[in-house]
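The block underneath contains the structure these notes are about, expressed in structure tokens.
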2 protein chains.
Amino acid sequence: MLDLAQYVPWLLNRAARSVADAFSRELAALGVTLPMWRVMASLRRAGPQRLGELSSLTAIETSTLSRLLGQMQQRGLVRRARSHGDARAIAVSLTRRAAALTERIVPLALRYEQAAVRDMSDSEIAILKRLLAQIHENLGVLMHDKSAD
Amino acid sequence: MLDLAQYVPWLLNRAARSVADAFSRELAALGVTLPMWRVMASLRRAGPQRLGELSSLTAIETSTLSRLLGQMQQRGLVRRARSHGDARAIAVSLTRRAAALTERIVPLALRYEQAAVRDMSDSEIAILKRLLAQIHENLGVLMHDKSAD
DNA sequence: TATTGTTATACTCTATAACTATA
DNA sequence: TATAGTTATAGAGTATAACAATA
């Protein structure tokens, strides 16, 4: 009873770290960190975003994200411009250089995903994706509903 | 192509953080951190361990683990004793109080696991466990074989 | 007043390597 | 010389809260 090797939270944590560690090393050679890559992938997919929206998309805290964007701006990866409609908000967008770099990273990222799910059937992969999303939803609800106990 | 919402590494990371964050809050009320809980669960399961072995079991770096054990020792959760056979090694064991505390946490941990996999069938849960272990193996090999590229 | 984003502080985990004490 | 564990240092992420500018 309660063998870590059969305990879902532990298996989840270990698998996530294996993937993140492996891909981080690859990204380091390109001068990009994993959180930076998440920002780049999100902006590539969704287009220019406000900091708050980007925080939701990447699940990075706004204070962490603000400083991260500062670093990325220094490296010429993102632009921060005042929003037209709301002068409090900023519009974060990829520079041309970062967009090109992102296109170079995408195939690497897909290769890492393939390495992670190697030897799994398409239907298993589909199940995996669905269950991982469900876990996030199950616990996300639990976290925001403090009366759950 | 490359939507984070369908990208396995991202789904994995997000699910793992949801579970870890939710359970951390619960543990904080008992004065225990998540890494401490991992140490306690490992020692509960495997009995007294040397630091190196405990590092493998928990996937916590030895330097991090050494300081973590120092904190746990201060709180009276673990003992560190010289090994009989090898005077370089230490045997880490749970104190009686920590063993009792661990028994109190186990049902909480199982409840969190159940919350995470809520609405999943037994067969789905079995698939999930197998695939998560497989991902760890797939990437673990990749990480230790630097010629993989 | 509430909201958007920034900054400050303090804490934890990590990587790396120097260090000690044994073997 | 190699190994087990400890300690030091620097870097990155997080939480929390205070803060400025705008709504």
Side-chain angles (χ1 to χ4, degrees), chain A residues 13-14 16-18 20-25 27-29 31-39 48-75 78-93 143-144, chain B residues 13-14 16-25 27-29 31-39 48-75 78-93 143-144 146:
Chain A
N13 180 283
R14 198 183 54 165
R17 272 192 294 169
S18 293
D21 288 353
F23 192 44
S24 287
R25 283 163 203 258
L27 286 176
V32 175
T33 65
L34 198 54
M36 287 180 186
W37 153 247
R38 287 193 190 124
V39 168
Q49 298 291 318
R50 300 166 32 159
L51 187 138
E53 290 165 343
L54 199 51
S55 171
S56 300
L57 288 174
T58 57
I60 298 172
E61 286 285 322
T62 59
S63 65
T64 304
L65 184 56
S66 182
R67 273 179 304 119
L68 177 62
L69 290 176
Q71 295 169 22
M72 294 179 72
Q73 196 171 25
Q74 278 190 336
R75 302 192 197 184
V78 296
R79 265 187 301 270
R80 286 194 270 197
R82 286 283 154 204
S83 276
H84 295 287
D86 185 338
R88 292 172 303 182
I90 60 169
V92 182
S93 56
M143 282 185 62
H144 296 301
Chain B
N13 180 283
R14 198 183 53 165
R17 272 192 294 169
S18 293
V19 177
D21 287 353
F23 192 43
S24 288
R25 283 163 203 257
L27 286 176
V32 175
T33 65
L34 199 55
M36 287 180 186
W37 153 246
R38 285 189 191 129
V39 168
Q49 297 291 318
R50 297 163 38 154
L51 187 137
E53 290 165 341
L54 199 52
S55 170
S56 299
L57 289 173
T58 57
I60 298 172
E61 287 285 323
T62 60
S63 64
T64 304
L65 184 56
S66 181
R67 273 179 303 116
L68 177 62
L69 290 175
Q71 296 170 20
M72 294 179 73
Q73 195 171 26
Q74 279 189 334
R75 302 193 197 185
V78 297
R79 265 187 302 271
R80 284 194 273 197
R82 284 284 155 202
S83 278
H84 295 288
D86 186 338
R88 291 173 304 183
I90 60 168
V92 182
S93 57
M143 282 186 63
H144 296 301
K146 298 309 175 65

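All of these numbers come straight from a predicted model, not from anything done at the bench.
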Return the nearest nucleotide to the side chain of B/Ala89; candidates are D/dT22, C/dT7, D/dA4. D/dA4

Holding to side chain to side chain donor-acceptor pair (under 3.5 Å), I want the full list of residues that pass it with A/Arg88, two or more places apart in sequence or in another chain. A/Asp86

May I have the distance from A/Gln73 (atom CD) to C/dT6 (atom P), rounded to whole angstrom? 9 Å

Any side-chain heavy-atom pair of B/Thr33 and B/Gln71 under 4.5 Å: no

With the side chain of A/Arg67 defined as its heavy atoms from C-beta on, choose the nearest nucleotide among C/dT16, D/dT3, D/dA15. D/dA15

Below 4.0 Å: OP1/OP2 of D/dA4 and any side-chain N or O of B/Arg50: yes

Mind checking B/Arg80 for me? I need base, sugar-phosphate or nothing, with any heavy atom below 4.0 Å counting as a touch. sugar-phosphate

Side chain of B/Leu51 (C-beta onward), nearest among D/dT6, C/dC13, D/dA15: D/dT6

Nucleotide C/dT4, atom P - distance to CG of A/Leu54 in whole Å: 14 Å

Do B/Val92 and B/Arg50 come within less than 4.5 Å of each other through their side chains, counting heavy atoms only? no

B/Arg82 side chain near D/dG5 phosphate (N/O to OP1/OP2, under 4.0 Å): no

Selected nucleotide, minimal atom distance to A/Arg17 side chain, candidates C/dT22, C/dT14, C/dT4: C/dT14

Any B/Thr64 side-chain N or O less than 4.0 Å from OP1/OP2 of C/dT14: yes

B/Val39 side chain near B/Leu65 side chain, heavy-atom distance below 4.5 Å: yes

To the nearest Å, give me how far apart CD (A/Gln49) and P (C/dG5) are. 11 Å

Regarding D/dT16, can its base be found pairing with the side chain of A/Ser63 as donor and acceptor, where the two atoms are less than 3.5 Å apart? yes

Between A/Met36 and B/Leu69, which has a closest nucleotide on DNA chain D that is more 5'? B/Leu69

Could you state the atom-to-atom distance from CD1 of A/Ile60 to P of C/dT6 in whole Å? 14 Å

Just the rounded figure in Å: distance from P of D/dG13 to CZ of B/Arg14. 20 Å

B/Glu61 CD to D/dG11 P: how many Å, rounded? 18 Å

Between C/dG5 atom C1' and A/Arg88 atom CZ, what is the distance in whole Å? 10 Å

Is there a side-chain contact between B/Arg80 and B/Ser66 (heavy atoms, below 4.5 Å)? yes

Please report, rounded to the nearest Å, how far the C1' atom of D/dA12 is from the CD atom of A/Gln71. 8 Å

Quick note, B/Thr62 side chain, CB onward, closest among D/dA4, C/dT7, D/dT6 is D/dT6

